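Because only heavy atoms are used, hydrogens play no part in the values below, and waters and symmetry mates are left out as well, while side chains stay in. Read the numbers this way: they start at 1 and go in the same order the structure lists the ligands and their atoms. What you see is a predicted model; the values in this text were computed from it and never measured.
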Amino acid sequence: MDQINVEAILKEKDLKVTPQRKAILSVLAGTRAVMNVQELFQEVIKILPGTNFSTVYRNLDTLLARGLLCRISRETGGDLYELRREEGHHHHVICKGCGASIPVKFCPLEAMAAELAGKGFLPTEHHFEVYGLCEHCRGKRER
Ligand SMILES: [Zn+2]
Ligand SMILES: [Zn+2]
Ligand SMILES: [Zn+2]
């Protein structure tokens with residue numbers, strides 16, 4: 001796991017360094033797995049006991065707005081969060097075995113652009129996620 005200096009990335013985005021923000025980023029920096037708010041909160045209170053849920057929630061919004069995190073929406077509800085590790089527009093494939101999220105540069109909207117333009121449709125948002133098994137988890141099942 002690469003060593004990520006969470007203080008440096010907060011400063012880089014002109015965000016005040018608070019213990020809560022540092023804790024959230026450290027938790028996410030320490031895993032490749034995506035986490036929902038509840039899971040994240042459980043880990044944050046191990047680092048900073050007494051942190052309340054709404055503080056975590058509010059800080060997640062701030063970090064997301066500054067582009068430090070990725071949010072993965074699920075149709076079943078309960079958004080998932082991860083540390084943003086890929087610059088620019090990207091999507092994610094998510095392993096159902098270990099929860100790892102792998103960024104992919106391919107955007108299906110680009111493949112659709114000409115057809116949408118032909119229909120006079122202007123897309124304003126889109127989500128694209130693929131669920132499956134990562135290299136590591138596939139190996140375990142096939143053996
Ligand atoms: Zn991402
Ligand atoms: Zn996996
Ligand atoms: Zn896209």
According to the interplanar angle, ranging from 0 to 90°, do the rings of F128 and F106 count as parallel (below 30°), tilted (30 to 60°) or perpendicular (above 60°)?
perpendicular
Decide, yes or no, whether a salt bridge links R32 with E82 under the criterion of side-chain N to carboxylate O below 4.0 Å.
no
So, taking the atom named OG1 in T62 and the one named CZ in R21, what distance separates them when rounded to the nearest 0.5 Å?
5.0 Å
Is there a path of hydrophobic side-chain contacts, each under 4.5 Å between heavy atoms, that joins L48 and L69?
no
Establish whether I24 and L80 are linked, either directly or via other cluster members, by ILVMFWY side-chain heavy-atom contacts under 4.5 Å.
no
For a side chain to side chain contact (heavy atoms under 4.5 Å, CB included) check, start with the C-alpha distance between S101 and I72, then their side-chain angles and the critical distance, and finish with the verdict.
CA-CA 10 Å; S101 158; I72 295 148; 4.2 Å; yes
Tell me, which protein N/O/S atoms are under 2.8 Å away from the Zn ion (ligand 2)?
C95 SG, C98 SG, C134 SG, C137 SG
Quick one: pull up CZ in F41 and CD1 in I45 and give me the separation to the nearest 0.5 Å.
4.5 Å
In the shown structure, where waters are left out, how many protein N, O or S atoms lie under 2.8 Å from the Zn ion (ligand 3)?
4
Can you tell me the N, O or S atom of E82 that's nearest the Zn ion (ligand 1)?
OE2
Is there a donor-acceptor contact under 3.5 Å linking the side chains of Q20 and T55?
no
Classify the ring geometry of H90 against H92: parallel below 30°, tilted from 30° to 60°, perpendicular beyond 60°.
perpendicular
Between the main-chain N or O of L40 and the side-chain N or O of E43, is there a donor-acceptor pair closer than 3.5 Å?
no
